[in-house]
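Down below is the structure, laid out as structure tokens.
What you see is a predicted model; the values in this text were computed from it and never measured. All chains are named by letter (A, B, ...) in the order of the sequence lines, taking the proteins before the strands, and each is independently numbered beginning at 1.
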Amino acid sequence: MKLLIVESPAKAKKIQSLLGRGWTVRACLGHVRDLPARKEDLPEKHCALPWARLGVNVEDNYAPLYVIREGKHKTIQDLKAAAKGAEQVLLASDPDREGESIAWHLAVLLGLGKEAQRVTYQEITQSALRQAVAHPRPIDYHLVGAQETRRVLDRLAGYGVSPLLWSAVGGNQSAGRVQSAALMLLSQREQSRLAFVPASYWRVTVGVDSCPPFRATVVALRDVPLATAASFTPQGELKPDVQVVQLDAGKAEQLKAYLERQWGVVQAVEVTPVTRKPPAPFTTSTLQQAANARLKLGAATVTKLAQALYENGFITYIRTDSPSLSEEAQTLAREAIQGRFGPTALPEKARQYATRSANAQEAHEAIRPAGKFLIPEDAGLSGDELALYRLIYDRTLASQMRDATGEKTSITLKAGQVTLHASGTRLIEKGFTVLYDDQEADEDEQALPRVQVGESFALRDARAEEKRSSAPARYTEGKFVQLMERAGIGRPSTYGSTLDTLQKRGYVTVRQRQLHVTPLGLLIAGYLMRQVPQLVDTTFTAQMERDLDRIAEGELTRTQYLDGVWKGNLAPAIERAGRTPPRVQVPHLDAVFEVRAGQVQVRAQGRSVPLPEGLLPEDLTEKTLADVLNGTFKGKRIKREASTKGKAPRKTRRTAGSSGKASARKGARSP
DNA sequence: CAGTGAGCGAGCTTCCGCTTGACTT
């Protein structure tokens, strides 16, 4: 009997059926050993050591101390038992940095020594597996070293910086390479929104009486462009060097009246062909984004639904950064397309997609229907599960369909000294869009008639509306996950939990599916930016990845890298950092957020008062600020039952989770 | 004399990334 160890139980089941007799396939469920989270997790002889809290001996070449993870003792015992009777043990954890590390930890725990045999494969088919198990290789210790370096750096940074926040702010605050960079991105967006001053401009449109009619927009007067949102700075001022006409209500009204008496003469018609390519199959981040936008589902819900679909064999693995499809999947997708839309819907060759994110490890393929590509209606699913499966199914098929082609028409008209413009796109070959249209509807897009230069049409029904330039939008969870991926912050398995952490700490909250930064979040980000700017720098991770690659190649050692980043950079910054409570200017008001005695307060007019719970920076206006200062603030959140409800269980949970003393006290108090 | 309360001190919090259930609410 030969033993093959993989990470996921669902995968183990599938591989077991493919390899058949003579093989035992078991799952280790991810990492089995890790640095100790707390002192108590350490073996007794190490408890007194000065680096016990860290679990890393910086002075001994950053030697890590590993313990078996909570809840993994039984898994290890079972694997040990299985390995004992096996003639051969193959370590088949995922083909990436973390997977290599898992293989090494397993080799140590199972006592396989230097002879440990590692296998990897890119797809789960009989031929790929037979090929893989026939050619095991030794563990790649350079790659393991790269993972260990990543782990040690994250521990040093996280456990090094978090205590700064405990002394400056209090409570169980946290900071880390990923969560703090993410918080910084959100905080910057929030700040620029708060500081944003909208500018007003006018948009004048008029109906063109052609057949069929269409609407044209005034773009210039006497060849000087009309101001649009793009003409203004975020401070609401006209951009320098911009020559535009700014209308006011009166002028807009005059223009409106003028246009309705005029004829529009076609000055130019431009027709350009357009081609739209289908979007790539889903990765973790693009699935989150699409499900968030189309199905209005939050990140946690999508993960839960997708996990269930995966476990029941409907879709492939859900934590992936690769958009590529295996050959088997391409064939199945093409067959499904042909069956439903006929052979003309297929391009000659299957499309292959490559990742666009810099740090992709591509250990798995895209998220797609698994097995035989069950048609959604026949899958026996319902509700959100069905909706999500259909989304994945349609996107996968669409990715293998023909491009959509058509033409974009752009018409310029003149009415006296007024220049008008209209544009519209018409798809001729609908291609993949019959199944999955990823274009957001644009209000200016319309079907345009064929017109000739020199033709003139009556103008009627002119409308003038005042518009305001708008601040950069908040991120939805989906959009933010995409941003994290693009910036290389975090991994597919952690995008969701990073958002959870930021919410649990009270730095970020979700309102109407959008991510808002709380006053505490702004304070934490402000403090970190001042004291440890390295940590919130979004390029920090990108540079780390490059260095880890060099470690994996054997061009750099762990000690060299960590000496530079830790001893030479982060550690001195932590040493220097001030412990004074942070303050942040409220961008849109004459006030500051500050921390006093561990409480978030707002200071204005020489007074400082605690902020009501649940109050977000955007809720603060001249009026609400005055109410807060006078103690007359009546936020609905304070009186609402929900807020007290939400608080109580958190407290009980904390009591229950803390030491035995606390529960004894609790027991004594109860009748 | 018993019970209460202020004040003090000690101990705790925390990272990222890989996997699922087994638990509540």
In whole angstroms, how far is the P atom of B:dT13 from the CG atom of A:Leu54?
-> 14 Å
Could you give the CH2-to-P distance, from A:Trp166 to B:dC12, as a whole number of Å?
-> 11 Å
Contact class for A:Asp94 vs. all strands (heavy atom < 4.0 Å): base, sugar-phosphate, or nothing?
-> sugar-phosphate
Verdict with reasoning, A:Arg97 to A:Glu545, per salt bridge (Lys or Arg N to Asp or Glu O under 4.0 Å) | CA-CA 11 Å; A:Arg97 196 164 63 212; A:Glu545 289 289 344; 3.1 Å; yes
The nucleotide from B:dT14, B:dC16, B:dT19 with an atom nearest the side chain of A:Pro9 is B:dT19
Atom CZ of A:Arg530 with >12 non-hydrogen neighbours under 6.0 angstrom | no
Roughly, in whole Å, what's the span from CZ in A:Arg38 to P in B:dC15?
-> 13 Å
Within the structure shown, what part of the strands sits under 4.0 Å from A:Ala37 by heavy-atom distance: base, sugar-phosphate, or nothing?
-> base
Atom pair distance, as rounded to whole Å: CD in A:Glu148 and P in B:dC18 = 16 Å
Does A:Ser162 have a side-chain nitrogen or oxygen under 4.0 Å from the phosphate oxygens OP1 or OP2 of B:dC15?
-> no
Are OP1 or OP2 of B:dT13 and a side-chain N or O of A:Gln173 less than 4.0 angstrom apart?
-> no
Give the ring-plane orientation class for A:His46 versus A:Trp51, where under 30° counts as parallel, over 60° as perpendicular and anything between as tilted.
-> tilted
Mark this stacking check for A:Tyr159 against B:dC15 as yes or no, applying ring centres under 5.5 Å and ring planes under 30°.
-> no
Picking from B:dC15, B:dG17, B:dT20, which would you name as closest to the side chain of A:Ser174?
-> B:dC15
If you pin A:Lys39 and A:Ala10 to their nearest nucleotides in DNA chain B, which one's is more 5'?
-> A:Lys39
From B:dC15, B:dC16, B:dT20, pick the nucleotide closest to the side chain of A:Arg505?
-> B:dC15
Given B:dG17, B:dT19, B:dC15, which nucleotide is nearest the side-chain atoms of A:Gln179?
-> B:dC15
Distance in angstrom units between A:His105 NE2 and B:dT19 P, rounded | 15 Å
Within this structure, what is the CD1-to-C1' distance between A:Ile489 and B:dC16, rounded to whole angstrom?
-> 13 Å
Any A:Arg491 side-chain nitrogen or oxygen under 4.0 Å from OP1 or OP2 of B:dC18 = yes
Report the nucleotide, chosen from B:dC12, B:dT20, B:dC16, that has the shortest atom-to-atom distance to any side-chain atom of A:Asp154.
-> B:dC16
A:Trp566 atom CH2 is separated from B:dC15 atom C1', nearest whole Å, by 11 Å
Listed nucleotide nearest any side-chain atom of A:His364, set B:dC16, B:dT20, B:dT19 | B:dT19
Hey, does the side chain of A:Arg319 come within less than 4.0 Å of B:dC18's phosphate (OP1/OP2), counting only N and O?
-> no
Hey, is the side chain of A:Arg177 poking within less than 4.0 Å of OP1 or OP2 on B:dG17, counting only N and O atoms?
-> yes
In terms of ring plane angle, is the pair A:Phe480 and A:Tyr475 parallel, tilted or perpendicular, where the classes change at 30° and 60°?
-> tilted
If you check every side-chain atom of A:Thr501, which of B:dG17, B:dC15, B:dT20 has the closest atom?
-> B:dC15
Within the structure shown, what part of the strands sits under 4.0 Å from A:Gly171 by heavy-atom distance: base, sugar-phosphate, or nothing?
-> base
When A:Leu287 is tested against each of A:Val481, A:Leu388, A:Thr320 for side chain to side chain contact (heavy atoms under 4.5 Å, CB included), which residue passes?
-> A:Leu388
Starting from P on B:dC15, measure out to CD1 on A:Ile524 and report it in whole angstrom.
-> 12 Å
Between A:Tyr66 and A:His105, what is the ring plane arrangement, given parallel below 30°, perpendicular above 60°, and tilted in between?
-> perpendicular
At under 4.0 Å between heavy atoms, what does A:Arg97 touch on the DNA or RNA strands: base, sugar-phosphate, or nothing?
-> nothing
On a heavy-atom basis, the closest approach of A:Tyr62 and A:Leu156 is CD2-CD1, 4.0 Å
Short side-chain N/O contact to B:dC18 OP1/OP2 from A:Thr494, under 4.0 Å = no
Can you find a side chain N or O atom of A:Ser493 that sits less than 4.0 Å from OP1 or OP2 on B:dC18?
-> yes
Select base, sugar-phosphate, or nothing to describe what A:Tyr495 touches, counting heavy atoms under 4.0 Å on all strands.
-> nothing
Remember a base hit wins even if backbone is also touched, and classify A:Gly176 as base, sugar-phosphate or nothing at under 4.0 Å, heavy atoms.
-> sugar-phosphate
Any side-chain N or O of A:Gln147 under 4.0 Å from OP1/OP2 of B:dG17?
-> no
